[in-house]
Amino acid sequence: MSDIQRAPKGTFDRLPPDSAAYLAARDALVAPLLTAGYGYVETPVFEETAVFSRGVGESTDVVSKEMYTFADRGGRSLTLRPEFTAGVMRAFIEHRLYAGALPAKLWTVGSAFRYERPQAGRYRHFTQVSVEALGVDDPALDAELVALADAGFRGLGLTDYDLQLTSLGDATCRPQYRDLLVAFLAGLDLDEDTRQRAAINPLRVLDDKRPEVQAQLADAPLMVDHLSDTTKAHYDAVRQHLSDLGVTWVEAPRLVRGLDYYTKTTFEFVHRGLGAQASIGGGGRYDGLSAALGGPDLSGIGYAVGVDRTILAAQAEGLDIPVTGGTEVFVVHLGEEAKRFAVRLVGQLRAAGVAADTVYGGRGLKGAMKAADRSGAARVVVVGDRDLAEGVAQVKTMATGEQVAVPLGELAESLRASV
RNA sequence: GUGGGUGUAGCUCAGCUGGUAGAGCGCCAGGUUGUGAUCCUGGAUGUCGCGGGUUCGAGUCCCGUCACUCACCCCA
C-alpha cells in the first residue's frame with residue numbers, strides 16, 4: 001500500500017462502529033467537570049513555539065526532541081501542541097482571566113502531537129481531556145482535581161489502576177534536595193546515557209526501570225523527606241482532603257514527571273492492565289508556569305487524561321463502554337410509491353426526535369431487511385405499494401419477529417411512542 | 001534515537017523438507033418474485049509488503065528496503 005493510502009506513522013483513524021465508544025469515553029471523562037464548576041475553553045492546535053519551549057521547559061524530552069515545529073509563510077515558528085496546559089495558560093494570561101474570579105476552572109479536549117516512536121498506547125497524534133484550576137494555591141483545590149480525574153475513570157467502571165501521589169517540593173526546597181540527589185548519584189556506577197539524563201534532570205534517574213539501576217537507588221534521598229515546612233503542610237492537607245473525598249492513593253516518592261513546570265502535588269494514574277504506556281492520566285501543581293510565560297506570579301494545578309489510553313484500559317478490564325444513539329426505527333420499502341412514503345416517514349420521525357433510517361440503492365427486500373437488522377433498530381417498518389393501497393404499514397419488532405399492521409395515520413405517533 | 005518480533009483475501013490466520021494459493025468470519029446473491037438474526041447453496045475480492053538474488057521452479061531460501069508491532073527512552 002502506498003503512503004497516500006495510509007495514515008501517517010503513529011496516527012490512526014477512528015471508524016464506526018468503534019468510534020462511538022470513543023465519543024462515549026470522552027464524554028464520561030468530561031462528565032464530572034460539568035458538575036464541578038469547570039468551563040470549557042478551546043485554544044488553537046498550534047501556538048508560537050516559545051509557548052511550549054518556555055512553558056514546558058527546554059530541557060524536557062517533549063520540547064527538545066518531540067515537537068512538531070514548523071515555520072509558517074510569515075516566518076513565525078509555530079508548534080503543534082504537545083500538551084494543553086501551556087496553551088491554556090497563555091490564553092489565561094492573554095485574556096487577563098486572572099483579573100476575574102479565581103480560581104479560573106477550565107477544561108478542554110482535543111488533539112495533541114508528539115514526534116515519538118509509536119508503541120502500544122503511544123501515538124504521535126493523541127487525544128486528551130485537560131483540566132486546569134488557575135490562580136489559587138489551596139490544597140483543597142489539588143484534592144478536587146485529583147478526585148475529578150478519579151471520578152472520570154470510575155464513571156467508566158475502571159478499577160484496576162493506582163493513583164500514585166507525591167510532592168515535588170517547590171522553589172524553596174527542591175534546589176537543596178536536588179543538590180543532595182546529584183551528590184548521591186555521583187557516587188553510583190551509571191552508564192553514560194544515564195549520566196547525561198542526570199545532568200539534565202537528576203530526578204528522572206529515580207524512576208529508571210532497569211533493575212541494576214534501581215538496586216543502586218535503594219538509599220537515594222527522596223524529595224518527600226526534604227520538603228520545606230510549608231510544602232509539607234500543603235502535601236499533608238492535600239492527603240487529608242483526598243481522604244475526606246474518599247479517594248485512595250499510593251505514595252509514590254519516586255514519581256517523576258517529564259514536564260518541568262510541576263511543583264508540589266504531583267500525581268499519575270497508572271493502569272495495571274496496560275503495557276509499557278500504562279499512565280492513563282496525570283498532572284500536578286505548576287506554580288511557576290504563569291510567570292514563566294510572562295504572566296503574573298500565580299499558581300495553578302491541572303491534569304490531563306489520555307482518552308485513547310483510557311479506552312485501552314477499559315478494554316483491558318473487559319468493560320463495555322455504553323454508547324448512546326443508534327437507529328431506533330428502520331424503514332424498508334417496496335415499490336416507487338412506498339419509497340416516497342418511506343423517505344417522507346423518515347423525515348417526520350427524525351423531526352420528532354426519533355433516530356430513523358431507511359435503505360438506499362436498489363436492493364431486494366431480503367437485503368433491505370439485512371440492512372435493517374444491522375442498523376440495530378428495535379422496530380422496522382415494512383411498507384410496500386400493496387400496504388399503501390390498504391392504508392397501512394407493517395411494524396415489525398425485531399427481537400420477537402412479531403409484526404402488526406398499523407394504519408398510516410397512526411404510524412408516526414405509534415412509532416414515536418414505542419421507542 | 002536504540003533493540004526484538006511480524007508482514008498471505010475486508011478481518012483473524014493456515015500454508016511441512018521450495019512444485020505456479022487456502023480456511024473461518026465478513027460481504028454479495030439464490031433457496032423464500034413481501035421479511036432480518038438461524039439453516040442450506042453459490043459467488044466476488046490476493047501484484048503472498050516492495051526490490052533484487054539463488055533455482056528448471058520462490059509465499060517458502062538469501063540480501064536489501066519499507067511498513068506494522070512490542071520494548072528501551074519518554075509520557076496521555
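If you're wondering where the values come from, they're calculated on a predicted model, not measured in any experiment. Chain letters run A, B, ... following the sequence lines, proteins first, then strands; residues in each count from 1.
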Can you pull out every side-chain hydrogen bond (donor to acceptor under 3.5 Å, both in side chains) where at least one residue sits in residues 300-310 of chain A? Sequence neighbours excluded, please. A/R14-A/D308, A/Q277-A/R309
Within residues 108-120 of chain A, the residues having a heavy atom closer than 4.0 Å to RNA chain B are A/R114, A/E116, A/R117, A/Q119, A/A120
Residue list, salt bridge (Lys or Arg N to Asp or Glu O under 4.0 Å) with A/R195, at least two apart or on another chain: none
With A/H241 via ring pair (Phe, Tyr, Trp, His ring centres under 6.0 Å) - residues at least two apart: none
Closest to the 5' end of RNA chain B, once A/K9 and A/H125 are matched to their nearest nucleotides, is A/K9
Sequence-distant partners of A/A377, side-chain contact (heavy atoms from CB on, under 4.5 Å), two or more places apart: A/T327, A/F330, A/S375
Please work out if A/D208 contacts a base, only the sugar-phosphate, or nothing of the nucleic acid, heavy-atom cut-off 4.0 Å. sugar-phosphate
Rounded to the nearest angstrom, tell me the gap between atom CD in A/Q128 and atom C1' in B/rC74. 14 Å
Assign A/D308 to base, sugar-phosphate, or nothing according to its heavy-atom contacts below 4.0 angstrom with the strands shown. nothing
Here the side-chain hydrogen bond (donor to acceptor under 3.5 Å, both in side chains) pairs for residues 330-357 of chain A, sequence neighbours left out, are none
For nucleotides 35-41 of chain B, 5' to 3', base contacts (B), sugar-phosphate-only contacts (S) and non-contacts (-) with protein non-hydrogen atoms under 4.0 Å give BBS----
Identify the residue among A/R81, A/E66, A/M67, A/E83 that makes a side-chain contact (heavy atoms from CB on, under 4.5 Å) with A/V56. A/E83
Of all of residues 267-281 of chain A, which get a heavy atom below 4.0 angstrom from RNA chain B, listed by number? A/G275, A/A276, A/Q277, A/S279, A/I280, A/G281
Between the base of B/rC73 and the side chain of A/R197, is there a donor and acceptor pair under 3.5 angstrom? no
Residues in ring pair (Phe, Tyr, Trp, His ring centres under 6.0 Å) with A/Y262, at least two apart? none
All stems with RNA chain B, defined as three or more consecutive Watson-Crick or G-U pairs under 3.5 Å: B:1-7 with B:66-72, B:10-13 with B:22-25, B:27-31 with B:39-43, B:49-53 with B:61-65
Using atom P in both nucleotides, what's the gap between B/rA76 and B/rU2 to the nearest angstrom? 25 Å
Does anything in residues 26-38 of chain A form a side-chain hydrogen bond (donor to acceptor under 3.5 Å, both in side chains)? List the pairs, not counting sequence neighbours. A/Y38-A/E144
Summary of side-chain hydrogen bond (donor to acceptor under 3.5 Å, both in side chains) pairs that have at least one residue in residues 377-392 of chain A, sequence neighbours excluded: A/R379-A/T397, A/R379-A/S418, A/D387-A/Q394
